[in-house]
Amino acid sequence: YNLCPFCKPVHFLLKVEKIPHQEVHLDLANKEHLTPEYKAINPYQKVPAIIDGSYILYESNTLMRYLCNSYSVSHHWYPKDPKERGQIDLFFEWFAVNIWNVLKYPMVRARYIQDTTKQQALEVTNNALKELNEILGRHKFVTNNKNVNIADLALIFHLAGLLKYPLDLNAFPNLEKYVNRIYETEPRLKDDVEKYLLQVKELREKKKDVKEKLVIMKQERLQKPKL
């Protein structure tokens with residue numbers, strides 16, 4: 001849960017707007033999201049999800065809009081003006097279709113996806129990043145020049161993580177510029193993102209150490225003389 005970039009935007013909005021809530025952490029590594037109990041909450045068995053009284057809802061971008069519509073939050077997150085909202089909703093349509101294309105290459109390299117070659121995945125990722133680079137070149141933030149909104153929350157955890165990845169992003173200069181603008185404008189968000197990235201890094205290093213130990217143990221077994 002703490003390491004899910006789809007959960008983090010919802011959690012940040014709940015935290016900064018002081019919306020009363022109780023957190024329930026699921027250990028995704030131990031597949032707690034695949035239990036029958038959680039399936040009754042979200043039939044797709046993905047995180048995040050919320051239970052508001054007897055009302056159940058899931059999908060992170062939908063959750064943020066619901067929170068903005070249901071609770072007293074700062075106007076800039078999801079402005080009442082239909083045109084401003086339209087731009088946020090339009091980006092969410094792009095995001096729903098393309099975020100997995102943005103992440104395709106890292107997912108293939110990490111072997112979460114195995115039915116695509118690295119070269120194919122790189123082409124998919126670069127095409128999506130080309131579109132995103134163009135989007136981020138239009139305004140200071142995702143949809144406007146005034147304030148950070150929930151469209152930025154949806155993107156920043158994914159994009160900041162991608163900038164740390166060993167990927168040639170020289171053809172997409174607006175990505176890093178955008179992240180820096182977000183950090184300058186909303187220091188609380190910068191703190192949250194950097195904490196998240198540190199946790200991800202620590203988890204990767206832990207997994208790497210375990211893998212290296214397993215390799216050493218296997219080598220030792222192979223070298224052990226048979227009696």
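In what follows, residues are counted from 1 in the order of the sequence shown.
No donor-acceptor contact under 3.5 angstrom links the side chains of Asn61 and Tyr66, judged on distance only. For the residue pair Ser74 and Glu17, a side-chain donor N or O sits within less than 3.5 Å of a side-chain acceptor on the partner.
Note that NZ of Lys190 is 8.5 Å distant from CG of Asn180, once rounded to the nearest 0.5 Å. Of the inter-residue distances, the one linking Lys146 atom NZ with Lys140 atom NZ reads 12.5 Å to the nearest 0.5 angstrom. For the atom pair Leu136 CG and Leu159 CG, the distance stands at 6.5 Å (nearest 0.5 Å). Annotation: the span from Leu14 atom CG to His11 atom NE2 amounts to 7.0 Å, rounded to 0.5 Å. Here His21 contributes atom NE2 and Leu13 contributes atom CG; the two are 10.0 Å apart, rounded to the nearest 0.5 Å. For the atom pair CG (Leu167) and CZ (Arg109), the distance works out to 8.5 Å, reported to the nearest 0.5 Å.
By the neighbour-count criterion of 12 heavy atoms within 6.0 Å, atom CD of Glu176 is sparsely surrounded, having that number or fewer from other residues, nucleotides or ligands. The number of heavy-atom neighbours closer than 6.0 Å to NZ of Lys15, taken from other residues, nucleotides and ligands shown, is above 12.
At a threshold of 4.5 Å between non-hydrogen side-chain atoms, the residues Ile99 and Trp94 do not count as touching. Looking at heavy atoms from C-beta onward, Asn149 lies out of side-chain contact with Tyr78 at the 4.5 angstrom threshold. For the pair Asp152 and Ile156, the minimum side-chain heavy-atom distance is 4.5 Å or more. Using a 4.5 Å heavy-atom cutoff, the side chains of Val148 and Val142 are not in contact. Under the 4.5 Å side-chain criterion, counting only non-hydrogen atoms from C-beta, Asn98 is not in contact with Leu132. Within the 4.5 Å cutoff, no side-chain heavy atoms of Asn101 are placed close to those of Asn127. You'll find the side chain of Phe6 stays beyond 4.5 Å of the side chain of Glu59, heavy atoms only. You'll find the side chain of Thr116 reaches within 4.5 Å of the side chain of Lys104, heavy atoms only.
Pairing each heavy atom of Trp77 with each of Ile88, the nearest pair is O-CD1, 4.0 Å. The nearest pair of heavy atoms linking Lys39 to Gln45 is CB-NE2, 3.6 Å. Of all the heavy atoms in Tyr38 and Glu32, the pair that sits closest is CB-O, 4.1 Å. When all heavy atoms of Ile56 and Ala40 are compared, the pair lying nearest together is CD1-O, 4.4 Å. Between Glu186 and Phe12 the shortest heavy-atom distance is CG-CZ, 4.3 Å. The nearest pair of heavy atoms linking Phe172 to Asn133 is C-OD1, 3.0 Å.
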Report the C-alpha separation of Asp52 and Leu57 in whole Å, then their side-chain angles, then the decisive distance to 0.1 Å, and conclude whether the side chain to side chain contact (heavy atoms under 4.5 Å, CB included) test is met. CA-CA 8 Å; Asp52 191 3; Leu57 195 64; over 6 Å; no

Might you work through the side chain to side chain contact (heavy atoms under 4.5 Å, CB included) test for Arg65 and Ile150, ending with a clear yes or no? CA-CA 8 Å; Arg65 283 179 282 197; Ile150 57 175; 3.6 Å; yes

For side chain to side chain contact (heavy atoms under 4.5 Å, CB included), just list the numbers for Phe95 and His158, CA-CA rounded to whole Å, side-chain angles, deciding distance to a tenth of an Å, and then say yes or no. CA-CA 11 Å; Phe95 184 92; His158 293 283; 3.8 Å; yes

Determine, step by step, whether His75 and Lys80 satisfy the side chain to side chain contact (heavy atoms under 4.5 Å, CB included) criterion, reporting the C-alpha distance in whole Å, the side-chain angles of both residues, the deciding distance to 0.1 Å, and the verdict. CA-CA 7 Å; His75 171 76; Lys80 300 295 184 183; 4.1 Å; yes

List the steps, then state whether side chain to side chain donor-acceptor pair (under 3.5 Å) holds for Tyr105 with Asn126. CA-CA 9 Å; Tyr105 182 67; Asn126 282 341; over 6 Å; no

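Note on Leu163: it does not cluster hydrophobically with Leu198, by side-chain heavy-atom contacts below 4.5 Å among ILVMFWY residues. Follow the hydrophobic side-chain contacts under 4.5 Å out from Leu203 and you reach Tyr196 in the same cluster. When the side chains of ILVMFWY residues are joined at heavy-atom separations under 4.5 Å, either directly or via intervening members, Tyr165 and Ile113 end up in a single hydrophobic cluster. Val97 is not connected to Val124 by any chain of hydrophobic side-chain contacts under 4.5 Å among Ile, Leu, Val, Met, Phe, Trp and Tyr, and they are in different clusters. Under a hydrophobic clustering in which Ile, Leu, Val, Met, Phe, Trp and Tyr are joined whenever their side-chain heavy atoms come within less than 4.5 Å, directly or via other members, Leu3 and Leu162 fall into the same cluster.
Applying the side-chain contact (heavy atoms from CB on, under 4.5 Å) test between Pro48 and each of Leu63, Asn42, Val24 identifies Leu63 as the sole match.
Contacts of Glu123 classified as side-chain contact (heavy atoms from CB on, under 4.5 Å), with partners at least two apart in sequence or in another chain: Gln119.
No donor-acceptor pair under 3.5 Å is formed between the side chain of Asn170 and the backbone N or O of Pro173. In this structure, the side chain of Gln120 engages the main chain of Thr117 through a donor-acceptor pair within 3.5 Å.
Geometric assessment of Arg181 against the ring of Phe141 yields a negative cation-pi assignment under the 6.0 Å and 45° thresholds.
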